[in-house]
Every structure is written in C-alpha cells, then in structure tokens.
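Note sheet for the following structure.
The analysis underlying the following values was restricted to heavy atoms, covering all of them including side chains, and did not include hydrogens, waters or symmetry mates. All chains are named by letter (A, B, ...) in the order of the sequence lines, taking the proteins before the strands, and each is independently numbered beginning at 1.
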Amino acid sequence: MKPSIPKGTRDFSSSEIAKRRYIFETIQEVFECYGFEPIETPSFENSSTLMGKYGEEGDRLIFKILNSGDYLQKVSDEQLEKRDLNQIASKITEKALRYDLTVPFARYVVQHQNELVFPFKRYQIQPVWRADRPQKGRFREFYQCDADVVGSDSLWQEVEFVSLYDAVFDKLGLDDVVIRINNRKILTGIAELIGAGEKLIDFTVALDKLDKIGREGVLNEMRNKGISEEALAKLEPVFELTGSNLDQLQALESLLIDSETGLKGVEELRFVVENLEELKLESARLELDITLARGLNYYTGAIFEVQTDKMQLGSIGGGGRYDDLTGIFGLKGMSGIGISFGLDRIYMVLEELGLFDEGVVKKPRALFVNFGEKEALYALKAIQALRMRGIRAELYPSSAKMKKQMNYADKREIPFVVLAGEEEMKSGKFAVKNMQTGEQQDCNQDELALLFSA
RNA sequence: GUGGAUGUAGCUCAGUGGUAGAGCUCCUGAUUGUGGUUCAGGCUGUCGCGGGUUCGAAUCCCGUCAUUCACCCCA
C-alpha cells in the first residue's frame, strides 16, 4: 500500500513549521498589541450550530462527522428509500468540523455572554476544514487567524482594523498589499437605485467579478440572473468612478442621493477613509472598491479584502462588519466586526518573494562526535552544561565512523562539530570544527559556550 | 457540481508499436580522528488499474481510479 494523505491536506516539515510559526507569532503579537485576547473553540461543533450559516454552497462544503454506533438508528426505512440526503445527513451526522472561526465565535459569545466584558475583543488562530475541491492556494484543511470585536458599532473599529492589517503586513515585510474596502450599504443602495433590491445577492456576486470577467461579463451574468436591461443601463455611472477614494465617495454621494441606505454607506466609508488619511498607514494602500462584495451574506457594513499584486492568488485576508451575527443564536443587537488572515496563502507569498529570514529555522548549534563510551560521557557532560545555558547541542548516538558522523552534521546544517577523544579528555579541552570554514580550534568548556552562543 | 492536463524507480522526468531508461537521492569503497568536491561500484519498477486492437502495447482505443490546474465558491 502506498502511503498517502487526503487531498487538500499537507504534511509540514520542520523548516515549514518554523516559517509558519514566525507568521503566527507576528500576527499574534500585533493582535495582542491592539488589545485582543485569545480564545479557542473545539475542532468540531454540533451540526446545528454550523448548518445554514454559510448559505447552500457552504452547507455542501461542511465536513460532517458520522455518528458513532448504530448511526442509522434514527433513520426510517422510508427515508432511506426516498434518498432524501439532507434529511438523512442531519440524522446521522450530529457533529461537523469547524468551517470558519466566525460562527463558532458567535456561538461562544452568546453562550458565555454573562462572563464577557463588552465590547469583547478576541482573536483566534486555529485550523478550519472545507470539503472543497483543492487547487492552488486552496486547501481542505487550513488555518485562519481572526480578530473580532463584538458589542461596539463605533466606526473607529473599522479604522483600527485597517490599521491592524497594515501593521501585520508591514511587519512581515510585505509592503505592497492593497486593502480594498467597501460598504455593504453602498451595494444595497446601488441595487435599490437600479430597482434590483430583491436580487441583492445575485447583483453583488456578479459585480464582485468585474476584475475577472470584465464589464460585459458582469452585465451578462446580471442579465442571466434576471436583472432588467433598464436597471443595467442605470448601472453605467458605477463603472465610471475614478479618482481618489474621496473623489469616488463624492461621486457616489450624488449618485445615491435618493437612497438613504446608500448615503449612510458613503458617510461611513468617508469617516474611515478620512481618519486613516490622518493616521497614515505604514506600507499598505487603502483602496475604495465598490465592486468588492464578498460572499458571506452576514456582512452589513464595511467589507475588507486584502490582496498582493506580487502573486496570482486569491485574497490573503478579508473581513467586515456584521450587525447581527449573534442574532441567530438568540442574542440581538450585538454589532460585530472582524478580519481574518489567510495564513497558508501568506506563507506562499512570503516564500515566493523570499521574505523569510534564514534565522527562523532552529538548528542545533553543535554536534559532538561519538568516539566510544568514555568519550560519549565526557561529551554529554559538556553538552549538559551548554544546554543549561540554552544552547542547542547534541551527541551523535553511536560511535559510527567519523565520515558518517560528519556527514550527518553536514546534512542537518549544524554549524559546529566538536571532537573530544583521549587527547582532549586528558587536557580537558575540545576540538571544535567550524563546518562552514573548515577551521578547527581547541576550546575549554567556557569557550565552547561563548563560541556557540555567538 | 463543470471543464482541461497528467499518471513510468524514493524524487524530477525521457521514452509515440519491437529487450525498461537518465539525472538526482540512497548505500559501499578509495579515506580506521575529519563532511561538502571527485572517482569506482551497488540497490530500487504491477510503466496507476481493468479491458480492447495487434505477432508484439509504457506507447494506439475504451473504461476506471488518482493527482493537478481552472470554473463555481472561497482564505
């Protein structure tokens, strides 16, 4: 049998782990710097918590966990015969793998509402699972790094989150990211304006594809979804927006003059854009993009998406404002806003651009050659002394041929090899070889520590 | 769910109807206290699987499975 892992999953090598940890730690540090505190939720939730929260497509992509024991117990023969898959699935799979971090977070907030201090700011870095068909930059198991605030409808949160995005990517050395921003209310306003209010979802999904399929493509898709020619004609000025973010908002304002919701959206965006101009971003660029829609239907205000031009890849982050996320779990009137970082994609970008520091991979500093029992003990004493000082060192486990031991050190990229045989033991010294330069020198115990900690 | 591409040694791949190959890796030796370089030697195969055409199939045809890219959707 050939060993394999399920598609869309990956093994991680130690050097990959080191690089991933570096990203995790960077994000975590910034999250905490901005006042967020960590929580974790289980890998799997009750199916009822997740089902129906991500739309029809989402339900299909949720990994469902088969009940233990006689899982057909609750299914009648009649149901089996009818092959009503949805009905049967809900009876035989009462648990499901986490699909994202936002819905479990909403559940958490409602369940623990009496213990929490609002506005509640939490971050969460955990894997999520989607029964998707994998492709480049798309996995069935991947990590999300989310930060959300619930219980505050202040627009300063929007400002803070854009600033947080900027801080993380600046710290990671990704200095060309574009943070696209839009507001769901503007989309609603435009849909109302052209008389396609009931088709808001179809309308936004189509509009979102502008950069991919072009203007005609978008118009065609809207036609297919049953939006009238008359409405499409009214859409023309929306494609013609140009100039700075504030210029575009200006134009939108006059365009949406008859839509109360639309104007509210413009006003909100203007607050965010104006204040960020004052605060200044380190390296990211904030770009108003009214075609930005994002799939999740629960966004009600600001929408964010982060992209990099350096690589052909989906977004590396996204988020937005949702006025009533906890409502589905029975807690009304809690406004939330949050953002997410796509760790796996950020990894791909940093790797592609060579932005990882050499130093992130932690190799042992020294390998002690094993010449035999007495020598090994002598070496281990020195090794323990080094370890006490936090220096990574190890002994080759068997007294194999020199060549083999040296080879091992070479392959593991261990920078120093220590040789201590009879000669050295007599004088209490160690012969240290620098594997890069090939130079060799005699050291005592203290000099070893000094050399290796440098 | 839809469409395209690819499956040959541990890895990367060549081989378009006539004996199953190369490079890398790995192991051994040259070199019993000195790695990388070099040289010599060695190990590794259900050519994804099933069927068909043919005197003969890794090669052509059909099916199937797997992988992968793209669409849908998404991080």
Worksheet item: For RNA chain B, whose closest nucleotide is more 5', that of A/Pro6 or that of A/Phe341?
Response: A/Pro6
Worksheet item: A/Lys411 side chain N/O closer than 4.0 Å to the phosphate oxygens (OP1, OP2) of B/C26?
Response: yes
Item to complete: Using a cut-off of strictly less than 4.0 Å, decide whether A/Gln135 has a side-chain nitrogen or oxygen near OP1 or OP2 of B/A70.
Response: yes
How long is the line joining [atom1] of [X] and [atom2] of [N], in whole Å?
X: A/Asp202; N: B/C73; atom1: CG; atom2: P; result: 10 Å
X: A/Lys225; N: B/C73; atom1: NZ; atom2: C1'; result: 12 Å
X: A/Gln144; N: B/A75; atom1: CD; atom2: C1'; result: 6 Å
X: A/Glu305; N: B/C73; atom1: CD; atom2: C1'; result: 12 Å
X: A/Asp344; N: B/C74; atom1: CG; atom2: P; result: 18 Å
X: A/Ile5; N: B/A66; atom1: CD1; atom2: P; result: 16 Å
X: A/Asp132; N: B/U68; atom1: CG; atom2: P; result: 13 Å
X: A/Arg60; N: B/C72; atom1: CZ; atom2: P; result: 13 Å

Practice prompt. Considering only NZ, NE, NH1 and NH2 on the basic side and carboxylate oxygens on the acidic side, decide whether A/Arg20 and A/Asp344 come within less than 4.0 Å.
Written response: yes
Worksheet entry | Presence of salt bridge, A/Glu45 and A/Lys53, under 4.0 angstrom | no
[N] and [M]: how far apart are their [atom1] atoms, nearest whole angstrom?
N: B/C72; M: B/C13; atom1: P; value: 28 Å
N: B/A58; M: B/A9; atom1: C1'; value: 14 Å
N: B/G15; M: B/G21; atom1: P; value: 16 Å

Item to complete: Look at the side chain of A/Arg345 and the backbone N and O of A/Ser315, then say whether any donor-acceptor pair between them is shorter than 3.5 Å.
Response: yes
Item to complete: For A/Thr300 and A/Asp323, indicate whether the former's side chain and the latter's backbone hold a donor-acceptor pair under 3.5 Å.
Response: yes
Worksheet entry | A/Phe63/A/Tyr99 aromatic ring centres below 6.0 Å | no
Worksheet item: Checking all strands, does A/Ser315 fall into the base, sugar-phosphate, or nothing category for heavy-atom contacts under 4.0 angstrom?
Response: sugar-phosphate
Worksheet item: How would you label the contact of A/Tyr408 with the nucleic acid (heavy atoms, under 4.0 Å): base, sugar-phosphate, or nothing?
Response: nothing
Item to complete: Please list, chain by chain and in numerical order, all residues satisfying ring pair (Phe, Tyr, Trp, His ring centres under 6.0 Å) with A/Phe24, sequence neighbours excluded.
Response: A/Tyr143
Discussion item. Using only modelled atom types and a 3.5 angstrom limit, is any donor from either the side chain of A/Arg133 or the base of B/C72 paired with an acceptor on the other?
Written reply: no
Worksheet entry | Nucleotide opposite B/C55 in a Watson-Crick or G-U pair, distances under 3.5 Å | B/G18
Response to the item:
Across every strand shown, the nucleotide meeting Watson-Crick or G-U wobble geometry with B/U6 (both distances under 3.5 Å) is B/A66
Discussion item. Can you build the contact string for nucleotides 29-37 of chain B? Use B for base contact, S for sugar-phosphate-only contact, and - for no protein heavy atom under 4.0 Å.
Written reply: S---BBBB-
Fill in: Heavy-atom side-chain proximity of A/Arg122 to A/Asp146 below 4.5 angstrom
yes
